[in-house]
Every structure is written in structure tokens, then in C-alpha cells.
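Structure first, then comments.
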Amino acid sequence: MTKTKPAGNKPKRDISFNPRELEPRWQAKWEADKLYRAVIDESRPKHYALTMLPYTSGDLHFGHWYPMAPSDARARFKRMNGYNVLFPIGFDAFGLPAENAAIKRGIHPKIWTYKNIENMRRQLRTMGTMFDWEREAVSADPEYYKWTEWFFIQLYKHGLAYRKMSAVDFCPNCNTTLAREQVIGENRVCERCGTPVIKKDLEQWFFKTTKYADELLNFDELDWPERVKVLQTNWIGRSEGASVIFKTEAGDPIEIFTTRPDTLWGATFMVFAPEHPLVDKITMPEQREAVEAYKAQAARQSDIEREAADKEKTGVFTGGYAINPVNGERIPIWIADYVLMSYGTGAIMAVPAHDERDFAFAKKYDLPIVEVIRPEPSPLHPSPSGRGDGGEGGELKEAYIGAGVMVNSGPFNGTKVNDQKGRKNPGISAVIDWLEQQGMGKEAVNYRYRDWLISRQRYWGAPIPMIYCEKDGWNPVPEDQLPVLLPEDVEWRPTGESPLKLHPTWKNTTCPVCGGLATRETDTMDTFMCSSWYHLRYLSPHYDKGPFDEKEYNYWMPVDTYTGGIEHATMHLLYTRFFHKALRDAGIVEGNEPMLQLRNQGIILGEDGDKMSKSKGNVIAPDELVAQYGTDALRTYLMFAYRWQEGGPWNSQGIDGTSRWLRRVWMLFTDQTPPGSASDETKRTLRRRVHQTLKRVTHDFENFEFNTIISSLMELLNEMYKAREAGVVGSSEWNEATEIYLKMLAPVAPHIAEELWTNHLGKPYSIHQQRWPQVDEEAAKEDMIELPVQINGKVRDRITVPAEAGEEEIKAAALASVVVQKYLEGKEPKKVIVANKRLVSIVV
RNA sequence: GCCGAAGUGGCGGAAUAGGCAGACGCGCACGACUCAAAAUCGUGUUCCCUCCGGGAAUGAGGGUUCGAUUCCCUCCUUCGGCACCA
């Protein structure tokens, strides 16, 4: 046979491609062979790839597939690159839906949860992931939550868990208190159920997350998305300033926090939150009635009403006065609901001339306004801004917030103030130093961040292992008595009250200190506590001498790559960082951060562009699609169709594209094509394309650019079809191409790659134990390069030159072009630029 | 109001370091195969014009540059977060 004619070379088609048959077959074999078992191997570098564990809702949907399948592909890629990869999975198994099912349908949460886990395990297996199932951990197993309880006790012993009475967020639908992070948006709704939360005064357990506020703001060791870092930074809300002690006329100290100590001389009144403890003491008899009425009204209002920024300010005078320490002025004390007890000290100095809120308040109640920062006249603004008549002594029209010079400020007159915060502002810095010398105040930092409220008035969670005794107060359950098991014989009230409270005997116990009668804490822990350390439990899920086996910890931790949704930026991702730092200080773990690299996937929307939800009827069920197209097609669709970090709407026709591609891969590898006699040039070109693709795919895997991995593989497949037509089959280049192609395919479509590798190419099982191929840089290089030639910015011609041609050579070739000559009309070009050997630009 | 991200064909999206805009795929159109359809294969597919050839175009406007999707400024739109935070 000489030149292979396409027509005479119709390959015999193997139409046996049947993912529904081959996928389960390989899944069973891999599992039987323990192919993905991850065990410590000091001879290889480790890679801990973690994806957020699913809640046991009972059904795996695209919200699970989308982070997991591409993460699996990347974990497989890492494994082929010589890493010993740990890619575990488990279940976040405590939580309210289980309890709601119990209330509604009378199924015990434990039964509901574990039945769901069974189904989810089955679904997860159909995904074809390399999860090491022997490391599976379930947070509702006593062998797991024993250690959740143990961690609580360790935090308690290190002073990081405490109990306090305060006004807390309460979800009336979920019937439990919530952490501040779990109250979402300006409507202040419950993170789980969307019900607006209310405030309640309750005594609850907290973790001292604020102790780590500053450290949590430091992301130096983290390769995390900028977005997450910004969200966490804003959430913590650090502001720098000073704390200053004012005094009441009776001499009681009033501590305030201010970011503008440079405006202290302009404080013309003070405002307390209505709940401030000093209010009763300073209120004069004549004002008592009005103050009480105002307090009552503020208490009745919801937080949403009260915190609405555009609401007109209201307040009442207490009759009491304070002394401004910097100038001895006697200034009135008001109460107003725009001052919140929950931020700072619940009391402020009001500087109406330089704060919008204070200005509005002063205008409304006709309180004095004293200017203490005067803008410096500039050529652009000859008259100081904010003034009604532009002149000295004129009335301010609005608060002036900007830079200027201090006036009416005693020793600081003439000091410059810029618009920076804290010590970066010379005026603020000078005043802080002075306050400290005078003993009137000190430099201070305030945070928006609050301590983590951990108590939940629910049954289906890890019990808080604390015991209350009339005599000895609160004490932890002795560690040798852990776990405090959830009782199973409980009754459900439709009201949602915790069955632990109602259980007749469970809460009765003995005091670990005096041995007398005592009661258990009946609240359970926030489930975010369980998920704050699950990555540690995966290390040794059945270990019973501690939460994890140190040998495993030392080898695998920290997590190298963490994937999951951004919705947890200020919840789970902040909690788990806090948790790790707290454990570090308790001497339990090492290192400052638990997860070094984080990547967030986007969201797959319904075909209509809306969020997938049962009520909208736009949910796409993975189970049906696996049955129809096979797992490989589904995995590759999810990688190909979107920028992974962004997501987008589901397109049911899109999956035909990847399904077709895999079929074409199958055809190319299974067609019986007789060897041909392709030209050396054809073989060389094929080899070049293979190594160029390999280079690109390798790069894209590292960078989570899954969509271009698939498109590169599609392009190469098209090239390979052309090369086959040109008779390249039978050459060493062809054999190399097929081998490299399947290795590149293996992480994304593990089943078809294995079938073709083992059963059609007859290579040694398993492709998933092969090494990732090396890029041959020489082979990837082009011999000849084509350069566009621009004349005055427009492409007019193309020239082909040897890849190693120098700039002068390229210039000469460009100027020799007939087309270029035509445009030059015999004139000399003004400029000829050869840009990075990618383009020639001629200016005439 | 403040902070952040993003705007590219009918659609999803590509475009090392400022260098050929629209790769790859979906959809659509036409053709081949077929009695027919599906599947498959092939060709075409940003828009406009006088269709040889030329012009315009990456949310809008301006700037830097031989050259801008990419850098700078102003603005618009969408999405996300925070919000009386002293």
C-alpha cells in the first residue's frame, strides 16, 4: 500500500462504546484493587487535596458534582505527577433538616441521616472519584463527635470558651440561637431557612474568636482568592483610633472609642445607647419619664428598623452632663438608638462638625456645633468647603470629614490632619500620644467581629460537654467519660423545642467536682464546630487515642488544596482558621494555617439562568444524566462548559458536545486502521502538536483552568484525525501520541481512558498509576513561524520565516513582501518594529 | 453610601509578558449518506458594505503606544459583600 487514500481506507468502526457498561466495571475493579488507598509513604511528596464535605441531605446534586469532579481530576493529575495524594470524603451529618424530618414524619434523625448517607455514598461512587473510602468520616458518629466534645473542653481549658448573657440572634423558625455570621444580609435572615431573626437576651456559650482578630487578618501564608480575603477582612472590620475616658459630673468614668481623637475638642455632647448601664444613674428626675419611654420604644423595635441607616435620628436628653477631659467643657448626655450597645463601648462623643450622623442629630435637637478641623484653602477650593456663606464664622451646611488644620483645639491649633486613618494621620497620632501622657486615654483598636456563639437549642448536634452544679458552677465532663452520647429515646414536639431539655433523665448527672447532683448542658454545638476540624479526622477516622493520629498529621497536614463554595467565606472558612490557631496555642496542632491553597468554584444555575431549586422546577438531577451519558461525559461537561471559578447556567445541549467528543476519542482509538506511510513532516507536526498540548494541559491543570484543558484535548483529537488520514498510523510518533493522549485524558475521563489504555492499547493496568508524560521542549518548538505584517496598525500580509530567524532577517523578509512594497509606494518606512517574533509592525 | 468582582458573536467561552480578537464547543444553515428520520461525516457561520475587496467591532467615552480585550482616567450596567461601626 502506498499513499493512503481516505476513501480506500475506511476504518472498521467499533461501535461498542458503552459507558454504562464500562464505567461501573472499572469502578468495581479499582475499588477491589484499593487503587486509591492513600497511605503514608515517606519516599514520596504528599499532596492533601480536600473538597468541602457534603451535608447529608440525601441527594447529590450539581452543587456537589461541580466542586468535586474537577477537584478529583486535579487530584488525579497531582497523583500522576508523583505525589502521594490524599483525597478524602465524609459527611457533615449533624444539623437541623434531620430534626425537621423527625418532627414532620416521625423518622428519627439518626435513621434519616444514615439512610441518606447510604444513598449519597452510592451516588458519590458513580462519580468515579479517587476518594479513599477507608478514610471516610461521619460527624454524627460517636467516635467522631467524642472528639468534637473533647475539643470544646480543650478550648474551655485554654480560656477560649466562655458563657455569657447577652442580646443574641435567634431564629424563630429553627428555634435556636445563631452566630452573628449566620445572620445574612440587610434583612437579617437565618442562613439556613431565610427567616428574619429576632434578638433575645440569653446566656450562651461562646468561643473567643475575637482574640485572634488580628491574626485572622494576616493572610501571608495563604494562597487564597483575593475575594475571600477581602470578605474576611471586611467581616472582621478592624478600625484604629483611641479610647478616651470622659467622666460624668458625679465622677463616673465613661469610656468611649473614637477613630477621630483629633476632633475631641469639637465634642459638644455625648450619646449613649439606650441600654447603656449608666443611663439610669445620670438621668435627672425631670427627664426620667421621657427616657424610660424612649428605652421602651427602642427595645420594642426590631434591629432592622433600628439599624436602617436612612431612618431619621431620634433621641432624648437625659438631663445628665459629662466633662470633656481635654478642655473641661460640660456637655449634655443624650440617649439615641443610632448608638449601638453591641459596638465599641455603647457610648460615643458626638462631634457634629465632623461626623454626618452627629451633625444630623445636632441640627435636629439644636445642639452646638464647634468646628475643629478647618480645610486648608487651595487654588481649586478657595473657600473652605461645607460652609454656607463661604466665610469665617459662617454656619456649617454639612459635616466636614476631610483633611485640614486643627482649630479651637487648645495645644493642637495649627496641627495638620490628613484623610488617613490611625497612626498614619499626623493629627491623630499627635493627639493619641498626648492623651497617653495626660492619662486621659490610649491608642485603641476596635473590631466589628464578635465572638462565635456556639450554643444551639437543638437535639441533632454534638452535646456541649459541660455540667452545671449549684455549688461548683460550670465544669467540663471528665475526659474519660466522653463522649456524652445523645440519648436515642427522645420525643419530638411540633414546637421544635429541644428533646434534650424534655428528656426525663438524660440531663441528670453528678458534679465532677463535688459529686453532688448536677445537670448537663442541654444545648448542642453549632455544626460548624464539627466541620472546623473534619480535615483532621480524615487522617485517622477510627483512631481512639486522640482526635487524630500524630503520625498521620505529621505526614499529611496541612491541606495543600482546598476547594469549595465562596458562600462559606465568613463562616466555615473563618471558623476553621480560628479553630486551627486555637488548637495551635493549645499545643494540639502545628503551623498557623490549616489550608494553604483555596479555590472557589462558581454555581451551576438552572437552564433558565435562575438558581436551581425544587420549587422552581429547574433542578437537573445528576443520577439521570449519568444513566444517559455516563459519568465521564458529565465530568468533562462540567469542566468544559464554564470558567470553573464562575459557573453559569446549565445547558442540556452542551453535554452532547463532550459526549460526542468522547465518542470520537473512542472511535479514533478503536478503529482498525492499517499502518500508512506518512511524510516525515506530518509525523514531525503531529509530535509537535502533542507536546504543545501536553505543555498547555499541564499548565492548565496546575491553575484550575479546566475548560481550556478540554478544548486543548479536543483540538489535538482533531489534529490526530487529520494525521491519521495522512497515514501516520503505525509510526512511533503515532504510538507516542496515543499514549500521551490517554494519559492526559485519564484525570478528566478516568473510565474511558482506562478502558482504552488497558483493553485496547494493551498497556499495563492501571493508567491511573502511570507517570504524567514529560514535555519534550525541542519537539514542541516550531520550525517555521508565520508572522502577520501590519502597516499602520492593519494586518496587510503574512510572512513565513524560520523560527530561529533574527530580527534583521524578519525585517528584510517583511519589506521584501510584494504587498508591503505596494503600500510603501517606493517610500522609506518611518519605523519597522519586530515584536517578540510575533508580529511585524511597519509605520509609513 | 463604602468595599470587591465582572461586562468579548445567537449561547458557553478562548486569547503566555501590550502583538493576527472570536480558539474549542453549543446552536443554526447548507450538503453527503438514507425511502425517510435520527445518528454520523463535510462545508459555512461577529456585524456592515458595492461581497473582487474593504470597513467597523471586546459595555460607553477619552488617554498612553507603531500597536490596547489587556495599562491609565471618567462614566454606565450586572452580580456579591458590608452598612447609623463612632
Side-chain angles (χ1 to χ4, degrees), chain A residues 6 13 15 184-186 225-235 237-239 241 256-260 263 270-271 273 306-313 336-340 342-351 354-358 360-361 446-449 566-567 569-570 609 636-637 640-643 645-658 660-661 663-664 667 695-696 699 705 707-718 721 786-798 829-844:
Chain A
R13 295 256 115 137
I15 50 158
I184 308 288
E186 63 181 320
E226 208 48 42
R227 225 174 127 201
V228 175
K229 293 195 265 186
V230 167
L231 286 172
Q232 293 199 345
T233 302
N234 290 346
W235 187 258
R238 180 190 155 101
S239 50
I256 59 112
F257 172 76
T258 177
T259 54
R260 295 294 305 275
T263 64
M270 295 192 83
V271 186
R306 191 173 153 177
E307 290 181 12
D310 48 1
K311 198 188 81 174
E312 173 143 19
K313 309 228 171 321
D337 62 8
Y338 79 92
V339 174
L340 309 172
S342 53
Y343 184 81
T345 61
I348 62 161
M349 67 166 187
V351 184
H354 306 292
D355 181 281
E356 282 172 33
R357 296 152 301 173
D358 299 344
F361 197 81
N446 220 320
Y447 300 92
R448 213 187 73 89
Y449 197 37
I566 193 152
E567 66 274 16
T570 57
T636 44
Y637 170 72
F640 177 59
Y642 318 88
R643 284 185 268 229
Q645 328 222 2
E646 278 162 43
W650 174 262
N651 175 2
S652 52
Q653 282 165 330
I655 193 167
D656 289 328
T658 53
R660 224 171 268 165
W661 167 57
R663 187 169 291 274
R664 271 166 51 77
M667 295 301 177
K695 194 172 176 178
R696 172 131 205 229
H699 169 269
E705 288 162 13
N707 54 346
T708 45
I709 291 172
I710 309 293
S711 65
S712 300
L713 290 175
M714 286 175 168
E715 278 184 88
L716 182 58
L717 187 73
N718 294 341
Y721 264 95
E786 196 190 61
L787 302 176
V789 181
Q790 287 187 347
I791 293 162
N792 290 343
K794 290 208 174 3
V795 178
R796 299 296 182 186
D797 197 17
R798 287 158 199 290
K830 275 200 197 122
K831 218 180 209 180
V832 181
I833 297 155
V834 178
N836 302 332
K837 284 204 195 175
R838 296 176 70 170
L839 173 143
V840 184
S841 184
I842 297 171
V843 189
V844 296

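Here is the naming used below: chain letters follow the sequence lines, and residue numbers restart at 1 for every chain. Below, all heavy atoms of this structure are taken into account, side chains as well, without hydrogens, waters or symmetry copies. This one's a predicted model, so the numbers in the text were calculated from it and none came from an experiment.
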By the Watson-Crick or G-U definition, both distances under 3.5 Å, B/rU58 is matched with none
Considering just the side-chain nitrogens and oxygens of A/R838, establish if one lies under 4.0 Å of OP1 or OP2 belonging to B/rU16.
-> no
Assess the pair A/W235 and A/Y447: is the distance between their ring centroids shorter than 6.0 Å?
-> no
Report the C-alpha separation of A/N234 and A/Q232 in whole Å, then their side-chain angles, then the decisive distance to 0.1 Å, and conclude whether the side chain to side chain contact (heavy atoms under 4.5 Å, CB included) test is met.
-> CA-CA 5 Å; A/N234 290 346; A/Q232 293 199 345; over 6 Å; no
Return the nearest nucleotide to the side chain of A/T708; candidates are B/rC66, B/rA14, B/rG27.
-> B/rA14
Is any side-chain nitrogen or oxygen of A/N718 closer than 4.0 Å to OP1 or OP2 of B/rG25?
-> yes
How would you label the contact of A/Q790 with the nucleic acid (heavy atoms, under 4.0 Å): base, sugar-phosphate, or nothing?
-> base
Are OP1 or OP2 of B/rA15 and a side-chain N or O of A/R696 less than 4.0 angstrom apart?
-> yes
Does the base of B/rC82 carry an N or O that pairs as donor and acceptor with the side chain of A/R448 under 3.5 Å?
-> no
With both distances kept under 3.5 Å, what pairs with B/rA5, Watson-Crick or G-U wobble?
-> B/rU78
When you compare B/rU70 with B/rA17, how far apart are their C1' atoms, in angstrom units rounded to a whole number?
-> 11 Å
Between A/G185 and A/I348, whichever has its closest RNA chain B nucleotide further toward 5' is A/G185
Nearest-angstrom distance from the residue atom CG of A/N792 to P of B/rG54 = 15 Å
Separation of the C1' atoms in B/rU65 and B/rA14, to the nearest angstrom = 25 Å
B/rG67, syn or anti by chi within 90 degrees of zero = anti
Nearest to the side chain of A/K794 - B/rA86, B/rG55, B/rA23?
-> B/rG55
Euclidean distance for P, B/rG9 against B/rU74 (whole angstrom) | 25 Å
Could you let me know what B/rC51 is paired to, Watson-Crick or G-U wobble, both distances under 3.5 Å, or none if it's on its own?
-> none
Compare side-chain N and O positions of A/R260 against OP1 and OP2 of B/rA86 and report whether any pair is under 4.0 Å apart.
-> no
How would you label the contact of A/G609 with the nucleic acid (heavy atoms, under 4.0 Å): base, sugar-phosphate, or nothing?
-> nothing
C1' spacing across the pair B/rA5 / B/rG59, given as an integer number of angstrom = 15 Å
What is the base-pairing partner of B/rC66, counting Watson-Crick and G-U wobble geometry with both distances under 3.5 Å?
-> B/rG19
Stepwise side-chain hydrogen bond (donor to acceptor under 3.5 Å, both in side chains) test for A/D358 and A/Y338 = CA-CA 10 Å; A/D358 299 344; A/Y338 79 92; 2.8 Å; yes
Does any nucleotide pair with B/rA83 by Watson-Crick or G-U wobble geometry, both distances under 3.5 Å, and what is it?
-> none
Gap in Å between the two P atoms, one belonging to B/rU77 and one to B/rG67, rounded | 32 Å
If only side-chain N and O atoms of A/Y642 are considered, is one of them under 4.0 Å from the OP1 or OP2 phosphate oxygen of B/rG12?
-> no
Heavy atoms under 4.0 Å, any strand shown: does A/W235 hit a base, just sugar-phosphate, or nothing?
-> sugar-phosphate
Considering only side-chain heavy atoms of A/F640, which listed nucleotide, B/rU16, B/rG25, B/rA86, is closest?
-> B/rG25
Rounded distance in Å between the C1' positions of B/rG55 and B/rG63 | 25 Å
Can you check the A/R660 CZ to B/rA38 C1' distance for me, whole Å?
-> 12 Å
What does A/S841 touch in the nucleic acid at a heavy-atom separation under 4.0 angstrom: a base, only the sugar-phosphate, or nothing?
-> base
Protein-nucleotide distance (A/H354, atom NE2; B/rA86, atom P), rounded to Å | 17 Å
How many Å lie between CZ on A/R798 and P on B/rG19, as a whole number?
-> 16 Å
Reckon A/R664 has a side-chain N or O less than 4.0 Å from the OP1 or OP2 of B/rC41?
-> yes
Whole-Å distance between B/rA5 P and A/N234 CG?
-> 11 Å
Residues two or more places apart in sequence or in another chain: which of them pass salt bridge (charged side-chain N to carboxylate O under 4.0 Å, His left out) with A/R798?
-> A/E786
Of the listed nucleotides B/rC84, B/rC66, B/rA23, the one nearest the side chain of A/V843 = B/rC66
On RNA chain B, nearest-nucleotide positions of A/S239 versus A/V230: which is more 5'?
-> A/V230
Say you pick atom C1' in B/rU69 and the same atom in B/rA6; how far apart are they, in whole Å?
-> 13 Å
Identify whether any heavy atom of A/L231 sits under 4.0 Å from a base atom; if not, whether one sits that close to sugar-phosphate; answer base, sugar-phosphate or nothing.
-> sugar-phosphate
Any idea which of B/rA23, B/rG80, B/rG54 is nearest the A/R796 side chain?
-> B/rG54
Provide the distance between the two P atoms, one in B/rC28 and one in B/rC11, to the nearest whole Å.
-> 15 Å
Whole angstrom is fine here: how far is it from CZ in A/R643 over to C1' in B/rC24?
-> 14 Å
One should read off an interatomic distance between A/Q790 CD and A/L839 CG, to the nearest 0.5 angstrom, of 4.5 Å
Lys/Arg cation over aromatic A/F361: A/K313, 6.0 Å, 45° cone = no
Which nucleotide, in any strand shown, forms a Watson-Crick or G-U wobble pair with B/rC28, with both distances under 3.5 Å?
-> B/rG44
Is it possible for you to check whether A/R448 lies under 6.0 Å from the centre of the six-membered ring of A/Y343, through NZ or CZ, and within 45° of that ring's axis?
-> no
Does the side chain of A/Y642 come under 3.5 Å of the side chain of A/N651 through a donor N or O and an acceptor N or O?
-> no
Quick one: A/I566 CD1 to B/rC3 P, roughly how many Å, whole number?
-> 19 Å
Nearest-Å distance for atom pair CE/C1', residues A/M714 and B/rG13 = 12 Å
Do the side-chain N and O atoms of A/N718 and A/R664 include a donor-acceptor pair separated by under 3.5 angstrom?
-> yes
